[in-house]
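Below you'll find the structure, written out as structure tokens, and then a few comments.
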Amino acid sequence: MANILIISKNSVLTDEISQSLNEYKIDCKTLCFKDEDRTVNFIKENNFGIIITDDEIENSNILLKKIKTQDSESNIITILLYGKDTLNNAGDFTGFVDSFIQKPVSKNILVSTVNSYLKIKKNIDKFKNDNKELNRSLYQLDVLYNTNSQLSGNLDREKVYEIMFETLEKTLSFDTACALMYPTPFNKHNKPDANRLIIHSLKKPQAEILDILKEKLKDYAKDYNTDADFSNIFTEEHIKPSYQNQTFDIGLLSFDKLIAPIKVKDETFGVISIYRNKPFSKEDVVCFQSIIHQIASPLRVIKLYDEIKNTNIELGKLERIKSEFVSIVSHELRTPLTPMNLSLDFLASKITDEACKKSIDMAKRNVLRLTGMIEDLLDLSRIETGKFSFDYKRYSIKSSLDLTAKTFEGQAKNKNMDFSVYMEDNLPDIYADSKRIEQILSNLTNNAFKFTPNGGKITVTAKLINAEDIDKTLLIKPVEQLQGQYINISVKDTGLGIKEENINKIFNKFSQIENSLTRNAGGIGLGLTITKNFIDAHLGAIWVLSKENEGSDFNIIIPVYSELKAFTIELNEAKKTSDTTSLLTLKSKADLTSFVDKLKEENIIKSLKTSKEIFYKQNGVFIYKIYFKNLQKSAIDFVISQITAKINSPEFESCGIVLEKELFKKEDEIHPI
């Protein structure tokens with residue numbers, strides 16, 4: 001029920017009005033008017049909803065204006081008791097009076113008017129409160145939405161904790177929030193953390209209160225984590241700076257409280273409670289639960305991320321140990337093969353018995369076969385440990401194709417095969433390691449001979465091809481984006497062929513498709529794995545066309561030489577073999593030559609043996625790229641700051657130059673997710 005105040009200098013009138021209202025059980029208070037300010041303050045302090053005053057107060061219109069405008073949210077209803085001449089002589093009451101009652105006052109009119117406005121006041125207050133709650137709910141929803149955006153993709157546990165407390169403070173205006181967070185599986189030292197009690201509070205809780213809060217959280221936490229050890233808890237306090245010298249005493253425990261576990265399904269990450277002097281509403285409880293649920297999900301993702309990351313690190317270590325073991329064993333196996341081979345050569349030169357010579361020849365073939373297997377193991381080990389280096393040069397692939405033709409000529413005669421090598425005239429140069437290209441051709445041709453019966457046909461062809469003419473769906477993934485011209489080399493045979501579902505499998509380590517000829521051919525299934533790695537290192541691609549019992553057509557493409565391709569190939573090699581590789585890119589619609597010359601002239605970019613640079617133009621934009629191998633971060637930061645200063649200098653600020661930077665590390669090759 002709204003509080004009613006009757007204001008007048010006339011005590012007889014106030015008593016009469018009060019008595020009339022009391023008869024109808026309408027409570028009211030009276031005030032003898034003395035001055036405007038005291039009256040207005042009295043109304044404000046006592047939160048009156050309906051004011052009844054009379055025209056005997058001087059400047060009553062000004063008084064009513066002050067009452068109406070003292071608080072825009074108070075919605076005070078005013079009723080003026082007036083005589084016959086009041087409205088003509090007392091000034092303008094427009095907007096300051098809700099109802100007029102003429103004197104002498106009729107009891108029925110008074111009671112009816114007051115009852116009507118009591119109902120109106122009740123509805124207005126309800127509407128105001130509902131609207132206030134609606135606005136508050138909308139604000140909470142907006143904060144929750146923004147919180148969800150902040151948490152999306154966030155893998156920083158400390159940042160998630162920070163967002164949790166910030167969101168709770170914005171939406172629920174707590175006085176104190178306490179979170180007992182369980183140890184995380186891994187931290188930056190890869191060791192378990194202690195339990196953490198994180199306090200965010202308006203004022204600092206007294207020591208004994210803090211102990212009580214801690215015990216309450218521990219007791220609650222044990223309901224969800226019965227085996228947990230809470231003997232070691234690290235406390236972390238965050239107190240509002242403006243309240244640093246104030247404390248919460250035992251009275252804090254009488255505040256309204258919300259408490260909940262931070263959990264997803266059966267996994268609990270901690271418990272949290274918040275205290276507030278003002279009671280929590282049902283909407284507050286729903287909001288609190290929503291926030292805790294929002295926080296639990298990213299914490300679970302972070303935990304899984306940490307587990308995967310650390311598992312991958314361990315797997316990476318095991319993979320390196322395995323590769324190093326293979327490398328050591330392969331070296332040790334290769335060491336005795338050389339003297340064995342020399343000894344067999346010596347015996348072959350001394351022995352004339354044909355049966356013995358055949359045995360020696362068989363031994364030599366197996367030594368060479370074992371040597372090939374060991375070389376494959378060593379190559380794979382170097383590739384996996386990032387120790388395989390390439391000697392890239394511009395050269396004509398004709399020399400490698402000629403070598404392939406000569407190498408397999410004798411084997412073709414022995415197996416009565418039709419073997420030929422064709423190439424288009426005037427094939428352009430490529431940028432490659434000729435030794436590795438020859439190894440690729442040898443692997444593919446040797447496979448063709450292995451899996452093609454005697455009397456079959458093997459054809460090696462080389463031609464120029466455009467990227468747009470390549471069927472990208474056939475490529476063995478992953479592959480760099482294809483553009484420009486390529487040398488396409490095909491090794492086609494009439495051998496056993498491969499089932500379509502097995503084509504991708506043959507490029508896996510130690511993979512062989514089981515059949516009788518495979519067993520007779522031998523090998524350990526590394527040739528195509530090494531071939532794929534070598535082709536990738538040259539920004540090329542490989543695909544296979546094959547039908548079972550009809551033969552196979554292995555196709556590789558190597559990009560035609562261009563300065564940009566050469567730069568990209570060497571950058572990729574630097575990323576794999578260097579501890580750090582920094583790439584800086586300058587872009588502008590204006591020619592960058594004079595700008596780069598200025599950088600070199602002022603020693604901002606020095607000509608280093610470990611750096612490579614290139615100029616080119618793409619889609620009307622001039623581009624300059626330079627990369628540095630194993631340059632310290634402080635040195636790169638200095639170079640970047642100097643380049644940025646030069647870009648912003650009066651000499652070049654109109655050129656619209658943009659600087660982009662990338663930093664690559666070898667450990668980036670381990671992808672946690």
For this session: Would you sort out whether Leu663 and Ile636 count as a side-chain contact (heavy atoms from CB on, under 4.5 Å), showing the intermediate values?
Result: CA-CA 10 Å; Leu663 178 64; Ile636 281 292; over 6 Å; no

Seminar exercise, completed: Correct closest heavy-atom pair for Phe595 and Ile643 would be CZ-O, 4.2 Å

Seminar exercise, completed: Contacts of Lys646 meeting side chain to side chain donor-acceptor pair (under 3.5 Å) (sequence neighbours excluded), chain-then-number -> Glu602

Seminar exercise, completed: Between the CD1 atom in Ile605 and the CG atom in Asp597, the distance rounded to the nearest 0.5 Å is 10.5 Å

For this session: Look up atom CG in Leu441 and atom CZ in Phe408, then write down how far apart they are to the nearest 0.5 Å.
Result: 9.0 Å

For this session: Determine whether Lys600 and Glu613 make a side-chain contact, defined as any pair of heavy atoms from C-beta on separated by less than 4.5 Å.
Result: yes

Exercise. Under 3.5 Å, side chain of Ser611 to main-chain N/O of Tyr627, donor-acceptor pair present?
Worked result: no

Exercise. Is atom NZ of Lys587 surrounded by more than 12 heavy atoms (other residues, nucleotides or ligands) closer than 6.0 Å?
Worked result: no

Exercise. Under the 3.5 angstrom rule, does the side chain of Thr581 hit a backbone N or O of Lys629 as a donor-acceptor pair?
Worked result: no

Problem set entry | Rounded distance (nearest 0.5 Å) linking atom CD1 of Ile440 with atom CD1 of Ile535 | 4.5 Å

Seminar exercise, completed: Between Tyr486 and Gln481 the two heavy atoms that sit nearest each other are OH-O, 4.2 Å

For this session: With the side chain counted from C-beta on, respond yes when Leu528 and Ile476 share a heavy-atom pair under 4.5 Å apart, and no when they do not.
Result: no

Seminar exercise, completed: Interatomic distance, CD1@Ile470 vs CD1@Ile557, rounded to 0.5 Å, equals 3.5 Å

Problem set entry | All pairs passing salt bridge (charged side-chain N to carboxylate O under 4.0 Å, His left out) where residues 528-544 contributes a residue, at least two apart | Lys532-Asp536

For this session: Taking ring-ring contact (aromatic ring centres under 6.0 Å, His included) as the test, write out the residues that go with Phe615, two or more places apart.
Result: Tyr624

For this session: Report yes or no: does Asn446 contribute a side-chain atom to a donor-acceptor pair with the main-chain N or O of Ser442 at less than 3.5 Å?
Result: no

For this session: Return the minimal non-hydrogen interatomic distance between Cys356 and Ile351, and the atom names on each side.
Result: CB-CG2, 3.5 Å

Problem set entry | Contacts of Phe534 that satisfy ring-ring contact (aromatic ring centres under 6.0 Å, His included) - sequence neighbours left out | Phe388, Phe390

For this session: Could you list the residues that satisfy side chain to side chain donor-acceptor pair (under 3.5 Å) with Tyr561, not counting sequence neighbours?
Result: none

Exercise. What is the distance from atom CD1 of Ile465 to atom CG of Asn555, rounded to the nearest 0.5 Å?
Worked result: 8.0 Å

Problem set entry | Listed partners of Asn572 passing side chain to side chain donor-acceptor pair (under 3.5 Å), at least two apart | Glu480

For this session: Could you list all the side chain to side chain donor-acceptor pair (under 3.5 Å) pairs where at least one residue sits in residues 389-403, not counting sequence neighbours?
Result: Arg394-Asp429, Tyr395-Ser400, Lys398-Asp402, Ser400-Glu438

Exercise. Given Gln618 and Val621, is the side-chain contact (heavy atoms from CB on, under 4.5 Å) satisfied, shown in steps?
Worked result: CA-CA 5 Å; Gln618 189 175 59; Val621 176; 5.7 Å; no

Problem set entry | Minimum heavy-atom distance Ile397-Ile489, with the two atoms named | CD1-CD1, 3.1 Å

For this session: Answer yes or no: does atom CD of Glu660 have more than 12 heavy-atom neighbours from other residues, nucleotides or ligands under 6.0 Å?
Result: yes

Exercise. Should the heavy atoms of other residues, nucleotides or ligands under 6.0 Å from NZ of Lys350 be counted, would the total exceed 12?
Worked result: no

Exercise. Counting distance only, does the side-chain N/O of Asn488 pair as donor-acceptor with the main-chain N or O of Ile556 below 3.5 Å?
Worked result: yes

Seminar exercise, completed: Residues at least two apart in sequence or cross-chain that pass side chain to side chain donor-acceptor pair (under 3.5 Å) with Lys463, listed by chain then number, are none

For this session: Mind listing the closest non-hydrogen atom pair of Pro559 and Ile430 along with its distance?
Result: O-CG2, 3.6 Å

For this session: Give the C-alpha distance, both sets of side-chain angles, the deciding distance and a yes or no for side-chain contact (heavy atoms from CB on, under 4.5 Å) between Leu539 and Tyr431.
Result: CA-CA 10 Å; Leu539 301 185; Tyr431 192 72; over 6 Å; no

Exercise. Listed by chain and number, what are the ring-ring contact (aromatic ring centres under 6.0 Å, His included) partners of Phe622, not counting sequence neighbours?
Worked result: none

Exercise. Between the side chain of Lys472 and the main-chain N/O of Ala467, is any donor-acceptor distance below 3.5 Å?
Worked result: yes

For this session: With the side chain counted from C-beta on, respond yes when Ile542 and Val479 share a heavy-atom pair under 4.5 Å apart, and no when they do not.
Result: no

Show me the donor-acceptor pairs, under 3.5 Å and distance only, between side chains in residues 493-501 and residues at least two apart or in other chains.
from: Asp493; atom 1: OD1; to: Gly495; atom 2: N; distance (Å): 2.9
from: Asp493; atom 1: OD1; to: Ser552; atom 2: N; distance (Å): 3.1
from: Thr494; atom 1: OG1; to: Lys457; atom 2: N; distance (Å): 2.9

Problem set entry | Thr593 versus Asp591, closest heavy-atom pair with distance | OG1-OD1, 2.8 Å

Exercise. Does some side-chain heavy atom of Phe507 sit less than 4.5 Å from a side-chain heavy atom of Val544?
Worked result: yes

Report all side-chain donor-acceptor pairs from residues 420-428 shorter than 3.5 Å, counting only partners two or more places apart or in another chain.
from: Glu424; atom 1: OE1; to: Leu464; atom 2: N; distance (Å): 3.1

Exercise. Are any non-hydrogen side-chain atoms of Asn466 and Gln485 less than 4.5 angstrom apart?
Worked result: yes

Exercise. With a 4.5 Å limit on heavy-atom distance, are the side chains of Asp433 and His538 in contact?
Worked result: yes

Problem set entry | Qualifying salt bridge (charged side-chain N to carboxylate O under 4.0 Å, His left out) pairs, either residue in residues 561-570, two or more places apart | Glu570-Lys612

Problem set entry | Spatial distance of atom CD (Glu307) from atom CG (Asn312) [nearest 0.5 Å] | 12.0 Å

Exercise. With a 4.5 Å limit on heavy-atom distance, are the side chains of Val460 and Phe419 in contact?
Worked result: yes

Exercise. Do Ile647 and Phe652 come close enough that some side-chain heavy atom pair is under 4.5 Å?
Worked result: no

For this session: Report yes or no: does Asn630 contribute a side-chain atom to a donor-acceptor pair with the main-chain N or O of Ser578 at less than 3.5 Å?
Result: no

